[in-house]
Every structure is written in C-alpha cells, then in structure tokens.
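Below: one structure, written as structure tokens.
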Amino acid sequence: MTMAASLSSHRSIFLILWIVILCGHAHARFFSRDPLSDGVSANTWEGLLRLPSAITAESSCEQTYGFLPCTTTVIGNLFLIIVYGFLMFKAATFLSGGSELLLEILGPGIVGGLFLPILGALPDAMLILVSGLSGSKETAQSQVSVGMGLLAGSTVLLLTIIWGTCVIVGKCDIENSIAIDSRDTRGFNLTGSGVSTDIWTSYAARIMVISVLPFLIVQLPQILNSTSGRHLAVLIALIVSLCLLAAYCLYQIFQPWIQKRKLEYIKHKHVILGFLRHLKKRALGRLLKDNGEPDKEVIEKLFRTIDEDQDGSLTHSELKALVVGIQFEEIDLDHDDAVKRIMNDFDTSGNELVDEVEFVNGVSRWLQRAQRARVASGDAGPHTMKFLSDFHTETKREHDLLDVGDQSNEEAEGIENAKWTSIKAVLLLLLGTIIAAAFADPLVDVVDNFSEATSIPAFFISFIALPLATNSSEAVSAIIFASRDKRQTASLTFSELYGAVTMNNVLCLSVFLALVYARGLTWDFSSEVLVILVVCLVVGVFASFRTVFPLWTSILAILLYPFSLALVYVLDYVFGWS
C-alpha cells in the first residue's frame, strides 16, 4: 500500500463517517388540523395528501451512542448495513495490513503464532461480543442470533465459495498426484487439472477438524433431550474452547521449529541416498551379499581407497574429497553440511575421525535403513540394489509433501526505515481496532432492525451479509495469492483458510459461549451448529488425508454453500428445531 493510496483510503473512511453522522434521525408525525386538500374530494380528510403508511406509522428506533443514525425502513436499514459493513471491511483490511508489517519486522514465532490469528478474527469477535452484550436479557437473546449467523456464515463462506474459488483460479496440470507449477494446459479438466498442497496444509485441516469439539460438547444436552445440563454444557464447552485456543496458539508459535526439524530430516535422507549411490558406483554394485546383508569386506576395501594417507581413519578433508563428487538431488546442500552429517552419524567415538570399524558399521546402518523402503517385487532378489530406487522414491515423495519452497528466500532481510514501518504497523492496528470496536454495535442493531422491517430472520441476514464485510479482504487476498499457480502459494492459501476457520471455532466461539453463560441466555442453535459441523467435517476430513485437489472438488465445495442455507431453513422452519 503506497502512501498516496493509504491517504486516499483514509479520506474515504472519514468522508463516509461524516455523511453517516450528518444523516441523523428523522421523525414524522400526523398533522392535527388544517390538512392540505387535493382539491378533488369533497371530504377534506379523504382528500388528505398522506405519506405512505409504512413511513408515517408510529415506530421508533434507538440511536446507537445517541447520535448515529437509525431508521425503521427497509431501504434505510439496507443503506446503513452497506455503510457499516464497508467500515468493518476497512477495519479488517487495516488489521491485516498492520499484521503483515509487524510480521516483516518481528518475524514469526510469538507474532505469527499468537497475535496474527487473534487480530485476524478480531472483527468477527467484536460483532459476536456486542450482539449479546447490550440491552436487556430478552434483547440479547434476540440479537445473539446475529452473532451465531456471523459465526456460521464466516466458516461456511471460507470453506465453500472461497475454498472452491481458490482451486479454480490456482489450477495447474496434475501429474503423478502433484500439480505442476505454472503449467495450465488442460483447461477445465475436472480430473487432470487442480491444485496440490504440502503436508503442513493437511495438518492445518486436521487441527480445524479437532476445533469443532466445543460445538459437540455444547450440543450434548439437546442430543440427549436434557434441559437440566444446558448451562453446565456451555461452561464445559467454553473451557475446552479456551484450552484449544491456547494449544493452537502454541502450535503456531512452535510450528516453524517443527517444520524446520522435519525438513532437516529429509535433507539427511538425501545425504544417505547420495552417499550410498556413490559408494555403489565405486564398489561396482556389490555392497550386499546374496542374502541381502551388507558385504563388510567390500565396504572395508572402499574405506581403504578413501583413506588417502592410509592411517586407518578418515578426516574431515578426506570425507569432503569423497562428497564433492556426489550429486544431491532436489536440494541445494552444502558439501561441508553433508560431511558434518556423515561425521555425526559415523563418528561414534567423538574424536572427529572415522576409523574403519565406524565406517563399516555406519554404511551398514544406512544400507539397512534404505532397505526398509524396499517395494515388494517378484524379480528383485535380496542382494540387488533396487531398494535404492525405492528409497529415492520415498525420499522424493516426503520432500514434496514437506517442502514449502526455497527457505533461503524467506530469510529476513533488512527492512528499510524500520522505525517508520513499525509506527505505520501500530497505527494501522489501532485504527482497525477502533473502527471494529466502534461500528460493531451499530451494525448489529441495523441488522436487527432490517430483520424486523423485512420479517427475514436475523440469522440469514448475518449469515450472508456480515461475512462478506469481515472476510472480504481475507477472501480477496487468498484468491489473488492462489492465482499465482504455484504449489507453495496454494499451500499457504489453504493453510490460512483452515487457520481462519479454526480461530472462528475457538476464539469467536469462546466469546459467544462466554456471552451465553454470563448472561444466562438459552443455547438454541442446533441447526446452525449442525451446518458448521457438516461443512467443517466434510472439507476438513477430505483435506486431512490428501494433498491434491482436482477441479471437481471445487464444484462440490461451492455447492455446500446453498446446501447449508437450505439445511438451516428446513431444520428451523419445516422441522421446527429452533
């Protein structure tokens, strides 16, 4: 965001705020005498020029904060929903921009794992909080359906329309269960075109599935047809939800470290593969006996050829001379790093030298480890070296699943004018938080008023409209990012979608449950909870056990959105669940 664009955006915000405040609250009343005649009717009162009854009927609305405009008309409320929704959209945009700047300065860890997920869910949490916080208990019970509509609508929107759109715009040709970066020659082939992700994205989907546990707990009394334990179930679900929130934040903090450790493990397997292949060439393929056991005599001869000074031990320089001729596939591995890995595995005495016994034992261990990857084959005897090809296939598959791109490109570079960037990040976060806090309550009131004016249940209005306001910036960002047609960006996009839903299921639900428990409200959202469970479990379980998503999966995901709306309507208004 450039300085000019930022100032222009801020001016538009303040202009809209000024117009909204000037709108005020207009009242109308009947004339008590001397009515105006239309000049046609003899009966003065029959010829009275009247405004439409919908406008002149006695009705009232309460101004939020005592000065923000309110209305009882459909068009007026629709206009206010658009205005307040736009302001919430800008709040979400400011919070997102400030979070990204903060991440550039401070890096992942506490910021990326704790603050960013919470800030991303802040607009939704604010709306849910004010939906049941103000007014009497009866008013809160009526308005809290707005919060539930937002909670369900955000989850369903992210996992259906946004998820499916990301598959469509990010599609590439699929070969061998992997989408080929930036190659899209098959058009809209339902099975041969799509996206693929890394294994970390599958982990994010599994975490999302686990996060629906509080919904199941709070629904237990309804499932068991019990009325006595509903308040207790809300409290237990709240505690579980808070525990899951803490666990998820901790996972986000330590996830980069876990990821790094697993990638190091794959690098180590590449070293084993390259080293054994190199020894195989020098030993003319005779590293194994006929019974499949390592041939120690051949390995001892190899040691003596590598030991240039014939002193009975291999030094760091002698191992490096051996490693220089090895081609490590798919990874840019430093030769010194490879020597260090070999030394750490072989040098059991810790004297920085590898003697003949240590070399033979080390090579034997690596051969046995590689043999565990052997694929059953009718014509491959135990003494053949075909298992190295199997080991290579296994290592490459694991590398593809774990790799998230060139890590060297992601190293933190010096931020130009870090002080100004820090100030800008803080200002954006403060501005986004203030706007979200200030206009969450008016938006909930307007949705409630619009519901009364149109007789449309507040749940459906908030289910459809509010997620468009609070998730628009996130949705547009995800779609643009996914359109780069790369596996790395697809992995990040879908991980962020699953992460956003997880925060809905733990943070936003925690706020909602705390409201219900503290104010003694009735939990009567069986159909809404069922919709959340169905969408989260269908998409989550599906994404937990696969990393490739052909184009046909996007169609199923998008169709889940109208299915969710229809399901709530049928359960509530046909079967009378609520």
Side-chain angles (χ1 to χ4, degrees), residues 12-30 50-92 123-136 138-154 156-157 435-472 528 565 568-569 572-573 578:
S12 66
I13 293 290
F14 293 125
L15 178 62
I16 290 173
L17 291 177
W18 185 244
I19 293 173
V20 168
I21 293 172
L22 289 180
C23 286
H25 183 189
H27 297 273
R29 62 183 177 84
F30 290 110
R50 299 176 184 270
L51 292 172
S53 59
I55 299 177
T56 59
E58 290 202 8
S59 58
S60 62
C61 61
E62 184 178 350
Q63 290 177 300
T64 309
Y65 308 134
F67 66 88
L68 287 180
C70 70
T71 177
T72 57
T73 65
V74 174
I75 300 298
N77 279 302
L78 181 60
F79 171 75
L80 290 178
I81 287 176
I82 294 172
V83 171
Y84 292 147
F86 174 76
L87 291 171
M88 293 301 292
F89 161 73
K90 295 306 294 184
D124 285 5
M126 288 283 189
L127 284 168
I128 291 171
L129 180 64
V130 301
S131 70
L133 195 60
S134 59
S136 64
E138 290 73 21
T139 302
Q141 186 68 56
S142 171
Q143 288 192 344
V144 80
S145 62
V146 175
M148 176 52 74
L150 172 62
L151 182 60
S154 294
V156 173
L157 177 69
I435 293 176
F439 291 97
D441 194 15
L443 181 55
V444 171
D445 290 339
V446 168
V447 169
D448 202 41
N449 293 338
F450 185 77
S451 174
E452 292 180 4
T454 59
S455 299
I456 300 174
F459 169 83
F460 289 102
I461 299 171
S462 58
F463 185 97
I464 297 171
L466 296 191
L468 295 177
T470 58
N471 293 289
S472 289
E528 293 87 342
L565 279 172
V568 173
Y569 180 83
D572 279 350
Y573 298 97
S578 297

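This one's a predicted model, so the numbers in the text were calculated from it and none came from an experiment.
Among residues at least two apart or in separate chains, side-chain hydrogen bond (donor to acceptor under 3.5 Å, both in side chains) pairs with a member in residues 123-133 are D124-S154, D124-T470.
The minimum heavy-atom distance between M88 and L443, with the atom names listed, is CG-CD2, 3.7 Å. Shown here for G85 and A469, the closest heavy-atom pair between the two residues is O-CB, 3.3 Å. Between G147 and I128, the shortest heavy-atom distance links the atoms O-CG1, 3.8 Å. Considering all non-hydrogen atoms of both residues, A91 and A436 come closest at CB-N, 3.8 Å. Pairing each heavy atom of G149 with each of S462, the nearest pair is CA-OG, 3.2 Å.
Here the CG-CD1 distance, from L150 to I464, works out to 13.0 Å after rounding to the nearest 0.5 Å. Rounding to the nearest 0.5 angstrom, the gap separating the CG atom in L80 from the OG1 atom in T73 is 8.5 Å. A distance of 9.5 Å separates CG in D441 from CG in L68, rounded to the nearest 0.5 Å.
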Practice task
With side chain to side chain contact (heavy atoms under 4.5 Å, CB included) as the test, would you mind laying out the steps for E452 and N77 before giving the verdict?
Solution key: CA-CA 10 Å; E452 292 180 4; N77 279 302; over 6 Å; no
Exercise for the section: In sequence, state the C-alpha distance, the side-chain angles, and the governing distance for V447 and Y84, and then conclude on side chain to side chain contact (heavy atoms under 4.5 Å, CB included). Expected result: CA-CA 10 Å; V447 169; Y84 292 147; over 6 Å; no
Problem - Step-by-step side chain to side chain donor-acceptor pair (under 3.5 Å) determination, S136 to T139 - result: CA-CA 5 Å; S136 64; T139 302; 3.1 Å; yes
Exercise for the section: Take L565 and Y569, measure what side chain to side chain contact (heavy atoms under 4.5 Å, CB included) needs, and give me the verdict at the end. Expected result: CA-CA 6 Å; L565 279 172; Y569 180 83; over 6 Å; no
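The shortest side-chain heavy-atom distance between V446 and C70 does not fall under the 4.5 Å cut-off. Put simply, the side chain of Y573 reaches to within 4.5 Å of the side chain of P457, judged on heavy atoms. No side-chain heavy atom of F459 sits less than 4.5 Å from a side-chain heavy atom of V146. The closest side-chain heavy-atom distance from T71 to N449 is not below 4.5 Å. Between E528 and D572, some side-chain heavy-atom pair lies under the 4.5 Å cut-off. Annotation: side chain of F463 is in contact with side chain of V156 (closest heavy-atom distance under 4.5 Å). Side-chain atoms of D445 and Q143, non-hydrogen and from C-beta on, do get closer than 4.5 Å to each other.
Take F450 and apply the ring pair (Phe, Tyr, Trp, His ring centres under 6.0 Å) test, not counting sequence neighbours, and it matches no residue. Among residues two or more places apart in sequence or in another chain, the side chain to side chain contact (heavy atoms under 4.5 Å, CB included) test is passed with A465 by none.
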